[in-house]
Every structure is written in structure tokens, then in C-alpha cells.
Amino acid sequence: MIKTTNLSKVYRTEEVETTALNEVDLEIKEGEFVSVMGPSGCGKSTLLNVLGMIDSPSGGDYHFMGEEVGRLSERKRSNVRKHNLGFVFQSFNLIDELTVYENVELPMLYTKVPAAERKQRVEELLEGMNIMHRRNHFPQQLSGGQQQRVAVARAIVNRPKLILADEPTGNLDSANGDEVMKILSQLNSEGTTILMVTHSQYCAEFGNRIIRMLDGQVVTENLVKQYL
Amino acid sequence: MSMLRNFITIAVRNLRHYRSYTLINIAGLALGITCGLLIFLLIRFHLSVDTYHAQAKRIYRVVTDLHIGDDNINMGGVPYPFGKALRLDFPEIQSVALTRFESNNLITTIPDAADQPRKKFMLEREMAFVEPEFFQTFDYTWLKGKPSALKAPFEAVITAPLAEKFFGTADPIGKTIRLENQHDFRISGVLAKPAANSEFHKTALFLSYASYLAINNPDIMAEWGSISGNHQCFVVLPEGLQPKQIEQGFPAFEKKYHEKSDEWSYKLQPLKDMHFNPDYGGDVPKTMLFALAIVGLFLIGTACINFINLATAQALNRSREVGVRKVLGSSRWQLFNQFLLETGLITLAALVVSILLVSWALPFVNDLTHSELTVNLYSDAGLLLFLLVMLFGVTLLAGAYPAFILAGFKPVQAIKGKINTQTLGGYSLRRGLVVTQFVICQIMIIAAIVISGQMDYLKNASLGFNKDAIVMLPVPNPEKSNMEALRQQLLRVPGVQQLSFACDAPAGDSQNSANCRFDTRQEDEPWYINTRPCDEAFLSTFGIELVAGRNLQPGDTIREYLINEAAVEKLGLKSPEEALGKSFAIWGKEAPIVGVIRNFHNRSLRETVEPTVLMTSRERYAACGVKIDLSNTPHILAAVDRIWNDVYPDAFYSYAFLDDKIARFYEIEHALLSMTKGFCAIALFIGCLGLFGLVSFMTARKRKEIGVRKVLGATVAQILQLFGKEFFRLILIAFVLAAPLGWLAMSAWLQDYPYRIPLGAGVFLATIGATCLVALLTVGAQSLKAARSNPANSLRSE
């Protein structure tokens, strides 16, 4: 599904040049659940952003589902993104002025899903996540765990092929964190590919492969024990 | 549709969430749009004057340019025999309508039954003698009767509102009215109230032109040498005939009828020019409308700038949403549209507020500008179109840039809240916008200070005579016995100090000029002299100083002359004494000059002092100036009223204080000042909103800097300096730009006044002082709050 060759990302200011990704070669197959670990500043989030097409690479190739997407225009990238990718963030990033229902519905407005189907899908997901009773609440009226469940619902409502999760449990207590991880595992078992950045070994082990990064490079790749 | 609903939902929720931001934005835009809307209505009203007549494009007024010696005089009128000759010599003209506009006419209603009371009315400017062709030229709605009724003498047509004033609900047809207690007219037609956007909208009583000829000496019909601006001639040209084709025939026409044909030239003035051309009495120069339009655009512009400033500052609050939407697949264009739609909603709200504000302000504006502006959203297509243009124009102007900035956020930075000031257009753009606003504000402050200074000067400058504590009364007829009775009885009233009969006050509406001949010179002087018939008490009553010779002796006819210093100079004499004893003649009456008086202004201070001659001539007296003791005014006025009505029982009593009458000379300046003050206040207010936006933005951006500085030991005062320096620098830059522009504009304006205030440094010091004070009040509280905040808070949040 994902194949990068010499993928680089360099941030330049007038005086300083910072290499966030240094010629990363990586392959992720469909149906995998890959966890990315590493110290702060090692390039994990940059990798996620570049692979999620919300940031563009400075060099190298990036093939997504067989198509080179690293050098696509903003408009085309946004098109690929909205049909294929779902994002889950550490800080949830729900839109404060939209209700739970509207937040989950939002991605389908961009993919022009008919109204009736939108309703059905949102309701199904909210039921599944056990937050249907909160459908008309605003994000700030929910607990962290509830917010992240809404964010996950929003990420999967368009039935993406790949979910990119950036420390999805970072802002949650362990019980809520567990719950979110179980949902992700469930999705993975249903066929969704997942790429997750995390600091937590415990969470990383929900995946089937762990990539460790340092100074913008992939230093090790290990299968999780149960898959050995 | 779903997307649109989503945009509207989030827009409304955001506007509600950031209430103060929304209110500031709506208020700023609403004020700008209100001014724009008022100015639009005003300009449209003036541009529409007399355009509604079916033949408007083919209607012309014949105007006269007189070239006498050094003087060029433009008149809106023609000599009395002109119309008859024009019809004869230019048969190709479709129709010719002679019209004599009148002022200050006494009308008495004559009831059908003898026992019913008569009612008296003073028509200030509501009456005109017209030919039936007047109604073939201009469109009026006839409720009763028809134009042909005005063929015969002593027939009258009246508008419905005036008829109601005269006769109540009774049918006016067939009723009799009496003009100046002498001539009876029969009402034979009723017109609907004329449109307000007409030069003739005040004219409500139309008497047949044939009666004017019957009332006046028939000799006037052969008098090609005299002319009155009130005797006007309107023509309608047939389709296809160009005015030039007629004007080509005028030189021969002038030669045929005028002895001194080189002094006369006629022109056809298009009807649409009448309202605007000040040379021929037009009230509203187009330059004024143009200036108003510029002011309107400035105000709308400054409101938009304000919006841009606030919206880009506010953009930080929306960055995460932008990021999320982009991640979810929104295109830049969709985001742009979303934010533009939000601006559209704010503009729509501002438009609604503006319409309410305009409806509230219209009576004042109408009063101030003598207009009849209306707001009718149901049937006024032009207004609706303007509002629509305003909605889209302001939305684009104010919303496009912030929407462009917001839509351009990089998703990663936006989601992480790492949008910096550079992304938001940076400080320099914001500074540029605020400087622009303050340039506009400061120019308007300079204008307001200069106009109000000049107004004060005009009101208080010495006119060369005493205008205080003088009551002016009309003198309806020049009968000596009446005047004597009035004089003796008034002088017996305690508190009445002096009185004088004259054609008018030293400065007044009524002006009369004549040719003059001096001493033994063989020719008339090549300039006109202003004539002021008055009695011997004129100088003492009005405090006019004699510089040489003596005062006039009492008399009823012209026996001797007084001239002013300007006349002495114009006659080329070296000293006032040189004029004394020399013979002088006006209207063919030769008499000696017995004295020279100090110059006084016989018009407003917009005009220079004219050469003027004073002489006794009872038959020309039309006013009585009474100098009174102001400590007893109500009693004196009551006594004057009673005495005057005893002496002139058939006439219409009215009085006016001379200083009030003179203040009315400056009505245009007064209106201009009121408008400038209003616009200036609004521009300043909008500017303050802009500053408020900037300071909010700065405090938000500088939170960390303030925190760090405080931790390192900075005091509140030192933090305040951070803000102070920034703002005063902006105001200073704005001032450096505004001062020369304001100076140029106001010097040009003052050029129209021969007597004017100097444009000194004080004006500019006051401007910068006022701006600084207002800025201090606006940004002070916010800056202080930021400076006093606990550094732990700002540092923690970072």
C-alpha cells in the first residue's frame, strides 16, 4: 500500500536547516498495523504527516497504492486524502463549533455522500462507539475518551483504507487509552491498514510491526512478538 | 447544499461564540455602510432632479450672459419681451414657456360668504406666474382642471397640499384668492403634490402669466434692457433638433433686439444642468456630490480595512478548524468560500443594521440637506441593487483577504497551532492598514476643525455694521402715512431705541444693482453699483461709520447720495473727500455725493464688499430695522406685533432677528459642518475599532514576550512602553501623510472665501493631539491588562 524510497523532509529557515526525514525507505502492506516509535524530534510525526499527505516531502519517492503521490498538487493530494485516509490525533482536533454528530458527518460532506447515507453511517458509528446519547453535544462537553472516540469515528466514517494515528492515546488515561487501542485493533482486524505513532511500548504492541526511528531515519523494524 | 448548511451553521456558531468580535465587526461595517447608503441616497436624489419629465432630455432653459465692462454676469432669466420674440424668430422650437418665479407674496383667501373670516398666508417661494405651456413642458399630475385654464388672466392652479392649507377640505375649484390685497384670482385647477426631486417642487401656486402682464406696466414688454433672474424661459426642442442649431441663431437674434448686442448673449442650458450649475443659481455643484462620494468610499473603505484587521487577527482562533478541514479533504477554494460566506453573513447583518440606522437618520439628513430621501425596500429597485452591490462588494473587499490567508494555512502548522504572524500577513500589513485608516481619520479631523473654525469666523466676523439686537419687520407698502405711524408708535414702546426704513437690512437677500455715472464723465461706469435705498436713520440704527462728509438729510425721493469706500476706489478717486460734492447719477437721477461711509458687507462673507450707494427713496423701502433693548424682548416683540398689525391690518406680519437672518447665509456651511463632524466621528470610531483589533492582536502575540520580560524584571510601565511606542509611531506616520493632504484640501476649500481663517499650526497640533488621545483611550485598557497579567499564565500556555 505504501512504499517510500529515499523519502526526505528538510525544514529550512534563513539560517538553519533541519533534516526531519533522512532518506527513509519503508513499505507497508495492506492490512498491516504498524507502530512508529522513537524519541521526541526523531521525525515520527513528520513521517506520519508526509505519508498522510498533509505535508509534502523534500525529496525521494512516495507511492501510495501504486501511484506516486509525493509530487501531487495540493488539490490532487486533498482528493486522494479524503477518499483513502483517516486521521486520529493526540489532541483529538474536533471542531469546537460543531456537535458530535456534525463532526463525524463532516468528512462525508467533502466526499459528497448522500444525506440519507450520511445519517445512517454516522448513527451506526456513534452507536458502535457508544456515544450516540452524546450526538448533540459539543466536543468541550465530552470527556477525553469520548472525544477521542468521536475522532476515531470521524476518521473511519469514509471507510478509509489507511488510518494514520498520531499518539492517539497520548492525552488519555489508561482505561480510555485501552478502549481506543481496542477500537483500532478491531478496525485492523476488519482490514483497515493502520500506521500509528506512539511513545508507549504497550500501545505499540497492539500493532503487528514496530518501526523505531532516530534522527530522521528508520533504525530498526521488528515484528511484534505474537507475529514472530 | 449540505456543505452550505455546514458553513452557515459553523459561521453562526462562531459569530455567537466570539460575540464581542462579531459586534465590533458588525458595528464598524454598519457605520461605514450607513454613511455609504446615506450618501448614495443623497447623490441619487440630486442626480434624479427633474429627470422624470417625459421630455426631460429635450427641455432647456434660456440663460443670459451679460458682459458689461469688466463684469460678466450670468443670469438664469431673460428680458420680458424675449419669449414673444423667440416664438416669432424660432418657429422650429416645439414649445416656449415663460415663467416668473415670485417670493414673499401675501395671499388672502376670500370666502364665498361675507361672514366667514379671511385667512392670510405669506408664500415665501411657493408662487409663480406661468404660461399654459409650462405644463406641456413639465410633467404634473392634474387632479382637477386642465392647463388651458391658465390662458386667461387671473386664473390660478394650486397643488392639493396648499389647497388644503388654504381651504381645508372644501373643494378649491372656483374659490377666490387675493394677491397682495389687490388682485383676485380664481382657482381653476388642482395638481397633485409635485415630486420632491424637482427644481420647482416648492412652487405650489401657479398664476396665469397673462395676469402678470395685466398687473404690471405693459411697457415691460418692450424693455429689452432689463432682466430679472426670476423671469425664466423654458423651451422644448423637437426630436432631432440639437440645441446648437438654435444657439447658432442667437447672435443674429441678439443683434436684432439689443442696442448693445455685444453685451448680451443667450444660451440654452439643459434642464439636467439647472440643479448643479452654480453660475446660473444651481444649488448643488457636482463637485460637492463627487466629494461626498469620495467620503462615502473612504468610510466604507476604512470599515473594510477594520474588518480585515480584526479578521486576520481572529484567524488564529480558527487555525485548528482550517487544519482539520484540510486533513479531512477540504480544498483551499472550499475554505476560501466558507470564510467569505462568514464575512457575507456579517455584512448582511451590518446591512440590516444600516437600513435601520438610515431610516432613523433620514429625517435629520433631509432637514439638513433640504432633500426628501426615502428608504423603500419593496419598490425601490435602485436601492435594492445598491444594497446587493454593497453586500457583495463589501464582502469581497473585507472578506477576500482574510479568507485567502485562512484558506492558505498549512494543515500541519494549523493543527498544531503553529500559525505565526508572518502567515497572518505580518505586522507590516496590519500597520499599513491602521495607518491608512488614521490618514483618513486625520484628514477628516482637519476638515472638521477648519470648517468649524471658518464657520465661527463667518458668524462672528464684523460685517461693518451692527447686527445684534435688531428686529427686521416687513413694510408691505411704501405709503408715507403708514410708515410715519409705524415709526412714531414703535419709538414710543419702552426698549425700542432706534429704527430705520430701508429696502432691506445692510446685508440681506434682496440685492439691486444699477449703472452709475460720476461727476462730469460722459459714460456710465463699466461696472454696477449696489443700491441701498434707506432713510437718514440707517447709519445710526445699524452702526455704520461715516468716514467723510455728512449723513443723508430726511427725504422721500433721491436728493443726495452716500457712497462707500469700495465705490470711491472703483471710481478711481484718491480719497473719500475727493468724492464729496461731486454729482452722481443712478436710474437717471442726478444728485450730489454728500458723504462716504465705511465699507460694510451687503452679502455673506463669501463675497467681497461691493461698491454701494445709499439714498433716500421711500417708494423702495420694504423693510424696517428696529434696534431694541434685549433685556425686555418679549414685551417689545408683543408691542411691535400689535402696532404693526394696527398699521397694516391687511398684511402678513412676520419678524426676524437680523443676526439670525445673517446666520442663514451660511446654511450650506452649516450643513457641510454637521455632515463633516458626523462623518469624522464615524471615521474616528471605526479607526478606534481598528486600533482595538490591532492591540488585541498584539497582546495575544506578545503574551510570551511580555511574560519573559516580566520574569526578567520589566515593570508594567516598561511593558506599556512597548505598546505605546508602536501606536504613536503609527499615528505619527499617518499624520505625516494626512497633514499635507488635509492642508491641500482645506486650502482649496478656503480659497472660495475672500475672508477666511489662516490654516495655522494649531489645526494640525489639535489633529494629532485628538488622535493620540483617542488612541490612548482605545488601546490603554487592553495594553494595561496585558502588561499586568501574571507571567506564569503566559509562559505556561507556551
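The chains referred to below are lettered A, B, ... by the order of the sequence lines, with proteins before strands, and numbering in each begins at 1. These figures come from a predicted structure and were not determined experimentally. Both backbone and side-chain heavy atoms feed into the values below; hydrogens, waters and symmetry mates do not.
- The local environment of CZ in B:Phe392 is sparse, with at most 12 non-hydrogen atoms from other residues, nucleotides or ligands closer than 6.0 Å.
- Minimum heavy-atom separation, B:Gly329 to A:Ser78: O-OG, 3.3 Å.
- If you measure heavy-atom distances from A:Ile95 to chain B, the contacts under 4.5 Å come from the side chain alone.
- Using a 4.5 Å cut-off between heavy atoms, A:Arg75 does not touch chain B at all.
- Side-chain contact check for A:Leu106 versus B:Arg325: some heavy-atom pair is nearer than 4.5 Å.
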Please report the C-alpha distance between A:Leu98 and B:Arg13 in whole Å, then the side-chain angles of each, then the deciding distance to 0.1 Å, and finally whether the side-chain contact (heavy atoms from CB on, under 4.5 Å) criterion is met. CA-CA 8 Å; A:Leu98 295 180; B:Arg13 286 182 193 156; 4.0 Å; yes
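- For B:Tyr18, the OH atom is densely surrounded, since the number of other residues' heavy atoms within 6.0 Å is greater than 12.
- In this structure the side chain of A:Glu102 never reaches within 4.5 angstrom of the side chain of B:Ile10, judged on heavy atoms.
- Crowding of B:Phe685 atom CZ: a count of heavy atoms from other residues, nucleotides or ligands under 6.0 Å not exceeding 12.
- With a 4.5 Å cut-off on non-hydrogen atoms, A:Ser56 does not touch chain B at all.
- For chain B, the nearby part of A:Asn49 is the side chain; its heavy atoms alone come within less than 4.5 Å.
- There is no side-chain donor-acceptor pair under 3.5 Å between A:Ser91 and B:Arg320.
- Within the 4.5 Å cutoff, no side-chain heavy atoms of A:Phe87 are placed close to those of B:Ile415.
- Residue A:Thr111: no heavy atom, backbone or side chain, is found under 4.5 Å from chain B.
- Between chain B and the residues A:Pro107, A:Gly52, A:Ala115, the most heavy-atom pairs under 4.5 angstrom are made by A:Pro107.
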What verdict does the side-chain contact (heavy atoms from CB on, under 4.5 Å) test give for A:Asp96 and B:His17, after you've listed the backbone C-alpha separation in whole Å, the side-chain angles of each residue and the deciding distance to 0.1 Å? CA-CA 10 Å; A:Asp96 290 340; B:His17 187 167; 5.7 Å; no
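- Interface residue A:Leu94: only backbone heavy atoms are found under 4.5 Å from chain B.
- Looking at B:Val327, both its backbone and its side chain come within 4.5 Å of chain A, counting heavy atoms on both sides.
- The greatest number of non-hydrogen atom pairs below 4.5 Å with chain A, out of B:Ser330, B:Pro411, B:Ser331, is found for B:Ser330.
- To the nearest 0.5 Å, atom CE of residue B:Met3 and atom CG of residue A:Leu109 are 5.0 Å apart.
- Using a 4.5 Å cut-off on side-chain heavy atoms (C-beta onward), A:Arg118 and B:Ser2 make contact.
- For CG of A:Asn6, the number of neighbouring non-hydrogen atoms (other residues, nucleotides, ligands) closer than 6.0 Å is greater than 12.
- Residue contact with chain A, scored on non-hydrogen atoms closer than 4.5 Å, involves the side chain of B:Thr9 exclusively.
- Nearest heavy-atom pair across B:Val412 and A:Ile54 is CG2-O, 3.3 Å.
- Between B:Lys326 and A:Glu74, the closest side-chain pair of non-hydrogen atoms falls below 4.5 Å.
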